[in-house]
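By convention in this document, chain letters (A, B, ...) are assigned in the order of the sequence lines, proteins followed by strands, and residues within each chain are numbered from 1. None of the values given here were measured: they were computed from a predicted structure.
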Protein chains: 2
Amino acid sequence: MTTNRELYLHQRPQGIPTGEDIRLREVPAPRPDDGEVLLRNLYLSLDPAQRDWMSDKVSYMPPIAIGEAIRSTTLGEVVSSRHPDYQPGDFALGLAANTWADYSCTAGDLLTKVDQEKAFPLHYHLSIFSGAMGLTPYFGMLELGQPKPGETALISAAAGAVGSIAGQIAKIQGCRVIGLTGSDEKGRWLTDELGFDGYINYRAEADLDSAIATICPEGVDIFFDNVGGEILDAALMNLAKYARVVFCGAISSYNTSGPVPGPFNYWQVLARSATVRGLLTTNYVDRFPAALEDLRRWLDEGRLKFAEDVVVGLESTVDAYRRLFTGANRGKLLVRLTDNDSY
Amino acid sequence: MTTNRELYLHQRPQGIPTGEDIRLREVPAPRPDDGEVLLRNLYLSLDPAQRDWMSDKVSYMPPIAIGEAIRSTTLGEVVSSRHPDYQPGDFALGLAANTWADYSCTAGDLLTKVDQEKAFPLHYHLSIFSGAMGLTPYFGMLELGQPKPGETALISAAAGAVGSIAGQIAKIQGCRVIGLTGSDEKGRWLTDELGFDGYINYRAEADLDSAIATICPEGVDIFFDNVGGEILDAALMNLAKYARVVFCGAISSYNTSGPVPGPFNYWQVLARSATVRGLLTTNYVDRFPAALEDLRRWLDEGRLKFAEDVVVGLESTVDAYRRLFTGANRGKLLVRLTDNDSY
């Protein structure tokens, strides 16, 4: 019988999850039931939204139960299958359907088959081609942001996996793009490597509201927000009339317990005739293929760049995950479980 | 020299404005400068938004300065004019351009000429035909609410001037309409007279969230909000997917000082893929004539009803204004300054 190492929720985290909250255990590898597929995971995706599922608050997905393996998007190779569409050796991706484990057993209907391409490595499907990294900013910026040439887009967590792509897509649409980030090093990466027009190191600003006003004198037409809290409040004070706020996440509140007040400057939504829209990438599943074509073309043309932060080994997962919330990572955070780095 | 009695801002109110905050004084009636028009006010409009202008917070209009007459929408008769479009005897309306006073002197370009019609009294232009009462719910419900037949619309301050019209417009569009109001008497007015499908007396409910869930089991597709605060939070917990929140006002916070937290359940905007849009009726000025045609037709057809609450005499204004915030008024609050009630 094959052993499966898996990370499970031992207790609900207070603040940033620790190795006490999420523990490793060895269990027998599951066997697929009718309609299910057993995957050997090659890469795990580490996403801020998972922190939310570790709480017991109401969200767009049910919480992870105590004792359950951590729900995750992963990319794996089919080991055995009782689903007609999957054969051993196939590669498959489960969007928020698999687990942080060596093996995940998942309903085949929740998986997406992935082909190995010559042009791009397989794990791009967990980063730039994924719902969480590439497709979220794609639909968030284009559908909810409605960028028009000459407009100003402000991006929070701009050096993160989603923010860095959102900003580049706004640039491709002809916007002036400013990033909010937590260090000058990251800021320079945005301007020098990704083509952002400017950045604000929010840790270095005593008055973020004024800092935004200075760099966005005409106001902010699109605020693409992954952070919430004080950063959202400062952005709200600088909205241009008819601004669009793309509400993609609220990473500043994921590690708090108890009720979190909404933006104190919520009133500005009325004062600026603004629109705030909540983004769930899964609403656009039908349009993923066309979106992926755009992303592939922009990559080929060198108009889109991104960073990956690949950590090796299941046992490194929790430490790596913590870095999402401390500002220590740049780009899409993945854990590689295979020695074969050609995938 | 004619004397003008006017109500001016003596000090910024803490909470609901009192006669200490807003005082009456007698000054010489102003004389129109080039391009200006002197109006004898016939009716004053009493609107929640004015409370906001009495504070010194950032809003869509500058605050009223200490010592200045209270800015207001009024309907008046032209006494003298130095603007080519206005002659003595004309009737004119100034949207947030006049004052709580016997006489207002206003730039003619900020006024709108109003004709006396056979079918409707002149003062309807301050109630059902006004920006603040008729046109706000018209554009708010139709443009931002995007009602579709069979959807559920929930209206806060539903027995108020704006809410009662917003609900009836949703009914005309084929929605199921539920009103939130502060007494069973008002609730019965909504269902028995205005055709609402149901109401919640929020003062009688210990758990407003559950009360909404019970009466809106499929969720709320449109939340038309004039109140904010706890009522908004309860509504957010009951949004249907792709819900629209029409952010028309936040009367619950107008009398607070200091920062007001935004909705604690703001997160639901993301979780429900909802859209929150801020409503400024003045954005739709070009479409006012077509909107007024619809309102006239619905009135003629008996599909739209409304209440006016007309108080007589400038000296009654502040006491009447306080009732906007205590839940004591029903329908559009006006002060009549003329003995001729045929206007």
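Using the six-membered ring where Trp is involved, A:Tyr266 and B:Phe247 have ring planes that are parallel, under 30° apart on the 30 and 60° scheme.
Of residues 274-283 of chain B, those residues with a non-hydrogen atom less than 4.5 Å from any non-hydrogen atom of chain A are, in numerical order, B:Ala274, B:Thr275, B:Val276, B:Arg277, B:Gly278, B:Leu279, B:Leu280, B:Asn283.
A salt bridge between B:Arg51 and B:Asp21 is absent, with no side-chain N of the basic residue lying under 4.0 Å from a carboxylate O of the acidic one. A salt bridge links A:Arg244 with A:Glu151; the closest basic N to acidic carboxylate O contact falls under 4.0 Å.
Contact annotation for A:Leu239: neither backbone nor side-chain heavy atoms come within less than 4.5 Å of a heavy atom of chain B.
B:Glu205 is not listed as a side-chain neighbour of B:Ser210, based on a closest heavy-atom distance of 4.5 Å or more.
Between A:Ser72 atom OG and A:Asp47 atom CG the span is 6.5 Å, to the nearest 0.5 Å.
Only one option out of A:Thr181, A:Asn226, A:Asp225 pairs with A:Ser156 in a side-chain hydrogen bond (donor to acceptor under 3.5 Å, both in side chains); it is A:Asp225.
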